[in-house]
Amino acid sequence: MAKYRYTLALLTDGRQVLMLNRFKSPYPGLWNGIGGKVEAGETPAQAAQREIREETAIEDHAYQLSQLGLMDWYVDGVFRDGIYLFKAELAAPIVKSQYPQWMREGILQPYPPEWLTRADNTGVVADIQRLIPQLLAGKPIYVHTDFVADRLTDFTLLDPVRVPRDEEGNLL
């Protein structure tokens, strides 16, 4: 089962990324990926799929999920937890006229990655903003982040070979 407690997924149709503006912590009022806690007995992939269903109402068959890596999440230099990182490639294009959608966790809205990653865009969670190009590329990733008072102070890409995997290649 899961070694860490959190998942984070980016849902994309290849042109846009479906983002969630959360109503509550962490980072309320900022655009974020889809994710949450791994529940007892779940694998990280099962948790990511459940969170996608709960936060977007998109069913498992509507996307291809890829487990890409891990983010070490530090706050004030103290390890908080690890976050399993996923990319969910939607089978059909996002229909922009269906958004925004009010969901239980927040507001769903698709955006082009170019807008989400602009340096002057302060409406996206800082580490997510930096992760977007990495996750959309679909390559293995291992990243260290540190926040001080909700401000990202360190974002370091590490060697993805260091991400622990089982015999089948799944993240531990």
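The side-chain heavy atoms of Leu131 and Leu8, taken from C-beta on, include a pair separated by under 4.5 Å. Residues Leu10 and Met19 are in side-chain contact: their nearest non-hydrogen atoms beyond the backbone lie under 4.5 Å apart. Put simply, the side chain of Val124 does not reach to within 4.5 Å of the side chain of Leu30, judged on heavy atoms. A 4.5 Å side-chain heavy-atom check between Gln109 and Lys96 finds at least one atom pair inside the cut-off. Taking the side chain as every heavy atom from C-beta outward, Glu105 and Glu55 approach each other to under 4.5 Å. Within the 4.5 Å cutoff, the side chain of Val17 has heavy atoms near those of the Leu116 side chain. Tyr4 is not listed as a side-chain neighbour of Trp73, based on a closest heavy-atom distance of 4.5 Å or more. Counting heavy atoms from C-beta on, the side chains of Leu90 and Ile58 come closer than 4.5 Å.
Counting all heavy atoms, side chain and backbone alike, Phe23 lies closest to Pro28 at O-CB, 3.7 Å. In plain terms, the two heavy atoms of Leu18 and Pro110 that are nearest each other are CD1-N, 3.8 Å. The minimum heavy-atom distance linking Asn32 with Pro26 is given by the pair ND2-O, 4.4 Å. Minimum heavy-atom separation, Pro133 to Thr117: CD-CG2, 3.9 Å. When all heavy atoms of Ile107 and Pro100 are compared, the closest pair comes out as CG2-CB, 3.8 Å.
Ring geometry for Tyr74 against His144 counts as tilted: the plane angle lies between 30° and 60°, on a 0 to 90° scale.
To the nearest 0.5 Å, the span separating CG on Leu158 from OH on Tyr142 amounts to 6.0 Å. From Leu135, atom CG reaches atom CZ of Arg130 across 13.0 Å, with rounding to the nearest 0.5 Å. Here the CD atom belonging to Gln134 is positioned 9.5 Å from the CG atom belonging to Leu136, to the nearest 0.5 angstrom. Separation of atoms CD1 (Ile128) and CG (Leu20) is listed at 11.0 Å; rounding is to 0.5 Å. With values rounded to the nearest 0.5 angstrom, Gln16 atom CD is found 10.0 Å from Glu114 atom CD. Rounded to the nearest 0.5 Å, atoms OG1 (Thr56) and CG (Leu11) are 6.0 Å apart.
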request  = Begin with the C-alpha distance, continue with both residues' side-chain angles, and end with the deciding distance and a verdict on side chain to side chain contact (heavy atoms under 4.5 Å, CB included) for Trp31 and Val125.
outcome  = CA-CA 6 Å; Trp31 294 105; Val125 177; over 6 Å; no

request  = Assess whether side chain to side chain contact (heavy atoms under 4.5 Å, CB included) is satisfied between Trp102 and Leu108, documenting all intermediate values.
outcome  = CA-CA 6 Å; Trp102 288 74; Leu108 280 176; over 6 Å; no

request  = Mind running side chain to side chain contact (heavy atoms under 4.5 Å, CB included) on Phe155 and Phe147 for me, showing each step along the way?
outcome  = CA-CA 9 Å; Phe155 182 95; Phe147 285 83; over 6 Å; no

task = Could you walk me through whether Ile52 and Tyr63 pass side chain to side chain contact (heavy atoms under 4.5 Å, CB included), step by step?
result = CA-CA 10 Å; Ile52 290 169; Tyr63 59 87; 3.7 Å; yes

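Using modelled atom types, one side-chain atom of Gln129 and one backbone atom of Arg118 make a donor-acceptor pair closer than 3.5 Å. Although no hydrogens or angles enter the test, the distance criterion places a donor-acceptor pair under 3.5 Å between the side chain of Asp146 and the main chain of Gly77. With Asp13 contributing its side chain and Ile94 its backbone, the two residues share a donor-acceptor pair below 3.5 Å. The backbone N or O of Gly138 lies less than 3.5 Å from no partner atom in the side chain of Ser66, so there is not a single donor-acceptor pair. Asn121 places a side-chain N or O within donor-acceptor distance of the main-chain N or O of Trp115, the cut-off being under 3.5 Å. Within the 3.5 Å criterion, the main-chain N or O of Gly14 finds a donor-acceptor partner in the side chain of Thr12.
Salt-bridge annotation for Glu89 and Lys87: present, with a side-chain N of the basic residue lying under 4.0 Å from a carboxylate O of the acidic one. Looking at Lys37 and Glu42, no side-chain N of the basic residue comes within less than 4.0 Å of a carboxylate O on the acidic one, giving no salt bridge.
Both Phe79 and Tyr84 are assigned to one and the same hydrophobic cluster, defined by single-linkage of ILVMFWY side chains at heavy-atom distances under 4.5 Å. Placement of Leu157 and Ile132 within a single hydrophobic cluster is found when ILVMFWY residues are connected by side-chain heavy-atom separations under 4.5 Å, directly or transitively.
With a 6.0 Å radius and a threshold of 12 heavy atoms from other residues, nucleotides or ligands, Lys139 has its NZ atom at or below the threshold.
Of the residues Glu54, Arg53, Gln49, the one that meets the side chain to side chain contact (heavy atoms under 4.5 Å, CB included) test with Glu51 is Glu54.
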